[in-house]
Amino acid sequence: MTNSPNPASSLKGSSEHWRHRLRHVLPYVSNHRFDFVVGFLLLALTNASAAAIPYLLKLTTNAMTSALGPGGVAPLTLGLILLALVNAMVRIHARTHIFGIGRRVEFELRQRYHAHLLELDAPFFDGEKTGDLVARGNNDITSIRMFVGPGFLQVSNTIMVYAITLPVMLGLDIQLTLLVLSPFPIVLGGARILTKRLYRLSRKVADSFGELSSFVQESITGMAVIRTHAREEDWCQQFSQAAHHLYDANMNHARLQSMFAPMTMLSGGIGAVLLLTFGGQEVAQGRLTVGDFVAFSGYLAILIWPTVGLGWILTVMQRGLAALERVGQILDAQPFLVEVPQPGPAHAPHNRWRGAISIKNLDFAFKNGPPILNAIHMDITPGSFVGLVGQVGSGKSTLLHGLARLYPLPEGRVQMDDKDLAGVPEESLRANLAMAPQESFLFATTLRENLDPKDRKLDDTTLWSALRMVALDREVAEFPHGLDSVLGERGITLSGGQRQRVALARLLLADPVVLLLDDVFSNCDAQTEEIILRNLKTLAGQRTIVMVCHRVAALHHADCIYLLDRGRIIASGNHSQLMSISPLYQNLHRMMARKEALHSIAAVAVERLPDGPQERSL
């Protein structure tokens, strides 16, 4: 025997379902609840004044057919004009007020979206496409604004129109009202059936737009690679496919939406025919006055227009719900890295570290992937210069990213100054530890602002000192505007080596205790690299430096070098010790020496060209 569903629990479940779907927008709606109340009252006044117009038309018509004469009609006509003006002004104010709420909610939600993205860490972005994140933050939040502003207005307006108009029509003639409105339930039933499909199509449109945005973003970012490999035609075909997917999704959505207008217009037309047929008979038989018939026609017209707009309302609502789901997926995402409380005194946010690093039996893998680091043991004393070398894919960069806490590492395996890295407060970590990644990122602003992104108002002497440390001062001095030269998007106006050195100078200006350098000299020549490494060595005892470097010979400055192979440390020591005990280290040294010899030969050949080497400059 099956239990019948409990209506109360069903209603409660439905309420919780809607509360869950709207959870990310309800706080902003609540913040503007007073504005919504004002907007609701303005809508009520708008619809009340609109409903009074047919009633005045009724009185005017009856006055015209009675013995009152022109003197009785004139005041009613003036009243109609004034009421129409009041209705127009209140309607305009109600719309702008409610639309303004939607704009403010859009602004606040977009701010929260951006702030939340800044809280998420590297593992999240590894699984997301940049273009799709941009589409959610722009297009989808715009759909949410339409949902909160125009959507709320139209839904509230429709409810009020029926709530105000129906009782008046029933008061005029109950039977005629039921007869004239008999086609309307069919429209509402059809809308209910089509709503679920409209939601799925709205979600597909949003997803397709996100995919196209991602493709465009990748195309622009990788334009040089596309042209280098002569892939323009293939890329255009792929773009055409993505654009056609969006086109097909929009067309399917439009076809479904277009079904609403004919249904609602047909229901309104049938209602008008029924009113003329049966209402006309009642007028002819004297059961209904001409004024009542005119008023009835006016009220039917008032009901028809919100019903005709039902398709647009449902489209806005379903697109808004689909957008809320897409934006909610990002807002629900939580950082993979969680600070783990630990016993004893924690790192104070502004305390200076000593720079000691201890790693004990560290294993690491990305999600469910194969192990990347296995049984890593390292003890780095404060002020040391440590190198990490190994073949491509040996786990060097992953280890460095883990030390920077860009990826979650197991608790208790990595300690900074005898404190578990997982429990170090974020503020203290970023104040004392900084990393320069292999792929340098510069902002599309001036060199000065790139060197000082926190806007600490560093003086020119400090900035030039950092540029000298990275052997970039002479080149910057030749820029037309020096420190105030605009670098362009991602520093496109600089060479690869210049971008890496600007990023390294920015790191030094942050004044961290622990510097993590991930192959930051890959685009620099050996001479420049040697100068920078010599300068960095002057920081010995003041900074702990852990550096990944493919040029093995460059690490002869290092106090200790760890050799990694397939995620394991297979040897450690200084440069001389590893050259004497490790065949793999010797092989890496020989391979790099051959590459540098080839580069030297190529450089000499370029120097002998008639025009000499061509340098990129601002």
Side-chain angles (χ1 to χ4, degrees), residues 21 24-25 102-103 105-151 198-229 231-257 315-333 439 441-444 488-492:
R21 295 185 76 177
H24 292 297
V25 77
R103 291 288 183 184
V105 170
E106 176 188 31
F107 172 76
E108 294 166 3
L109 184 58
R110 191 164 277 139
Q111 280 192 314
R112 181 192 170 193
Y113 180 84
H114 181 260
H116 188 72
L117 286 178
L118 294 177
E119 294 174 358
L120 298 174
D121 40 36
F124 169 81
F125 293 100
D126 288 344
E128 299 293 333
K129 296 180 179 179
T130 303
D132 186 56
L133 292 176
V134 173
R136 293 179 194 235
N138 287 332
N139 199 55
D140 288 341
I141 291 182
T142 298
S143 296
I144 294 172
R145 185 254 300 169
M146 293 291 292
F147 174 83
V148 174
L198 191 64
Y199 171 80
R200 290 194 297 269
L201 291 176
S202 298
R203 179 60 194 261
K204 189 172 183 179
V205 168
D207 289 340
S208 298
F209 183 81
E211 291 172 4
L212 183 63
S213 299
S214 296
F215 186 85
V216 172
Q217 184 269 333
E218 290 177 355
S219 299
I220 294 173
T221 305
M223 187 59 67
V225 178
I226 295 171
R227 299 187 67 177
T228 299
H229 294 276
R231 292 291 308 280
E232 293 93 336
E233 187 175 346
D234 293 341
W235 224 251
C236 285
Q237 290 179 356
Q238 293 182 41
F239 175 82
S240 179
Q241 290 177 358
H244 271 94
H245 287 157
L246 178 59
Y247 170 81
D248 291 339
N250 273 310
M251 288 301 296
N252 290 334
H253 186 279
R255 290 190 189 98
L256 185 63
Q257 183 185 354
T315 298
V316 169
M317 300 297 287
Q318 296 306 318
R319 281 196 169 181
L321 290 172
L324 271 171
E325 183 176 352
R326 279 171 49 83
V327 173
Q329 289 175 345
I330 306 302
L331 296 179
D332 286 337
E439 304 241 343
F441 181 88
L442 301 180
F443 298 98
E489 187 174 3
R490 294 176 176 266
I492 191 63

Got a second to check how far [X]'s [atom1] is from [Y]'s [atom2], nearest 0.5 Å?
X    : Y    : atom1 : atom2 : value
D248 : K204 : CG    : NZ    : 7.5 Å
L133 : S214 : CG    : OG    : 7.5 Å
E119 : L331 : CD    : CG    : 10.0 Å
S240 : H245 : OG    : NE2   : 9.5 Å
F215 : L246 : CZ    : CG    : 13.5 Å
L201 : N252 : CG    : CG    : 6.0 Å

Testing the basics here: between [X] and [Y], what is the closest heavy-atom pair and its distance to 0.1 Å?
X    : Y    : result
G320 : F147 : CA-CB, 3.8 Å
V316 : M146 : CG1-O, 3.4 Å
A135 : S213 : CB-OG, 3.8 Å

Quiz item: So, R110 and E106, do they make that salt bridge, N to O below 4.0 Å?
Solution: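 Salt bridge present between R110 and E106.
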
Quiz item: Do R319 and D140 meet the salt-bridge criterion of a basic N to acidic O distance under 4.0 Å?
Solution: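 Answer for the salt bridge query: no.
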
Quiz prompt | Side-chain donor-acceptor contact under 3.5 Å, R203 with Q318 | solution = no

Quick one: does [X]'s side chain get under 4.5 Å of [Y]'s, heavy atoms only?
X    : Y    : answer
N138 : Y113 : no
V148 : I144 : yes
D207 : R326 : yes
N250 : F209 : no
D132 : E211 : no
Q329 : R136 : yes

Self-check item: H253 (side chain) donor-acceptor with R200 (main chain) under 3.5 angstrom
Solution: no

Quiz item: Ignoring hydrogens and geometry, is there a side-chain-to-backbone donor-acceptor pair from H116 to I330 under 3.5 Å?
Solution: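 Present.
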
Quiz prompt | Sequence-distant partners of Q237, side chain to side chain donor-acceptor pair (under 3.5 Å), two or more places apart | solution =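 For Q237 there are no side chain to side chain donor-acceptor pair (under 3.5 Å) partners, ignoring immediate neighbours.
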
